[in-house]
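Naming convention: chains lettered A, B, ... in sequence-line order (proteins, then strands); numbering from 1 in each chain. Just so we're clear, the structure is a prediction, and the values are computed from it rather than from any experiment.
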Number of protein chains: 2
Amino acid sequence: MNEAVVLTPERILEATEDVLRRFGLAKATVVDVARALDVSHGSVYRHFPSKASLRDAVAKRWLDRANEPLCKLAASDGPAPERLEKWLRTMFAIKQKKVCDDPEMFATYLALAQEAREVVEAYKDKQVDLVAKILSDGVAQGVFEIENVKATARAVFDATVRYHHPAHAEEWAKPECPSRIDALISLLLKGLRACKQ
Amino acid sequence: MNEAVVLTPERILEATEDVLRRFGLAKATVVDVARALDVSHGSVYRHFPSKASLRDAVAKRWLDRANEPLCKLAASDGPAPERLEKWLRTMFAIKQKKVCDDPEMFATYLALAQEAREVVEAYKDKQVDLVAKILSDGVAQGVFEIENVKATARAVFDATVRYHHPAHAEEWAKPECPSRIDALISLLLKGLRACKQ
DNA sequence: GCGCTGACAGATTTCAATATCTGTCAGACA
DNA sequence: TGTCTGACAGATATTGAAATCTGTCAGCGC
């Protein structure tokens, strides 16, 4: 019965995510988090050295959770072009869903992304690695023709920035968006494909 | 000697741009503009119906001026791939130069872009038309293989958003930027090129 | 001893009073 | 007659005092 009462980083993160969702990034305070856990705010500082580190840890958890389906897709097998297309569309869909369902957490993520914090950088690097995995599978399958897989994966990530970077989130709801995504993906796939003679 | 004293939209725009540069978008007021012109602020409202319309008109002038070299490039002749590459690199360079040389005006433009105002939309449409011009030249030359020129031009514009949208301006100074631009451009050009057998 | 509390200093945010700004318009002036 | 002014109402921004927050730490209680 005691373990439910012990103050763990995990419980703090849970509570912080709740508080962020309830009050938003701008209003949430460490005191609020402590209050939600029924402890003093000093105790929170025993587990996280600063408010920023707490915020970052919550963001990391949130990003990792969002990232899970993408990891699975990258690790699966099948023809690389279809897999890449599916991967990109899934990433766009995840982001778009988040911006609708969890706007406060998304605003937190947006703030993080704008501060260009290392949590987000690490997350992006992970994404690029997943793209690179699919691309190298494609090279092995003979369907892609790529000189530098890592750089090309980065280029694919950069080229699609409009549909996954939170700074562009307002545009995602526009009616012309899907067809613009189609055009972009087909241009990128054409650029990756080996020219068969 | 009288014509120098007449209050014209042109003179107001000139003064507004000065005031914006001096005080920044956040601080600049219509009263400041009027003071710079030595007239009452009521007179300014005789030529522009609102502060917003004045701000937009200044932005339009500024954008049009920045756009001039790109129009020339699109209208010139020569092999389309080289021309497209040159066009893109010129656009990136113009933006990057602006962000260094004219930070207050750039902040104004950033604010405009974030408000997604129609001035900026019109400007982007113009840019896409220029890309489309180069692409259709490429098709005529037999070096590009494109189903829908307009949609593809939009896709090229979207794919390069990271290097021309002001929301990403902070990233432009990073040392890895040039090689990422190289990778992106070469991927896009490969996607546009006709596969010769 | 170990984990937690609560008081504290300095930084940051809030809030309400005050000042400034936007946009209008009746009337001065040429 | 047509252009410009300056006073005005309502909206917005600034300011500084008070409240709250962040991060620390000596000490309490288990």
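Here B/Thr29 lies in heavy-atom contact (under 4.0 Å) with sugar-phosphate atoms only.
Between B/Lys60 and B/Asp56 there is no salt bridge, since no side-chain N of the basic residue sits under 4.0 Å from a carboxylate O of the acidic one. Under the 4.0 Å criterion applied to side-chain N and carboxylate O atoms, B/Arg61 and B/Glu14 are assigned as salt-bridge partners. A salt bridge links B/Arg65 to B/Glu17: at least one charged side-chain nitrogen sits closer than 4.0 Å to a carboxylate oxygen.
Between the NZ atom of B/Lys27 and the C1' atom of C/dT22 there is a distance of 17 Å, rounded to whole Å. Rounded to whole angstrom, the span from the CG atom of B/Asp32 across to the C1' atom of C/dA19 amounts to 15 Å. Here the P atom of nucleotide C/dC21 and the CG atom of B/Leu54 are 15 Å apart, to the nearest Å. Summarising the geometry, the separation between CG on B/Leu25 and P on D/dA13 is reported as 11 Å, rounded to the nearest angstrom. Counting to the nearest Å, the P atom of D/dT5 and the NE2 atom of B/His47 are 10 Å from each other. When rounded to the nearest whole Å, the span between CZ of B/Arg11 and P of D/dC4 equals 10 Å.
The shortest distance between side-chain heavy atoms of A/His41 and A/Tyr45 falls below 4.5 Å. You'll find the side chain of B/His168 reaches within 4.5 Å of the side chain of A/His165, heavy atoms only.
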What string of B, S and - do you get for nucleotides 23-30 of chain D, 5' to 3', when a contact is any protein heavy atom under 4.0 Å? BB------
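For A/Gln127 (side chain) and A/Phe157 (main-chain N/O), no donor-acceptor pair under 3.5 Å exists by modelled atom type.
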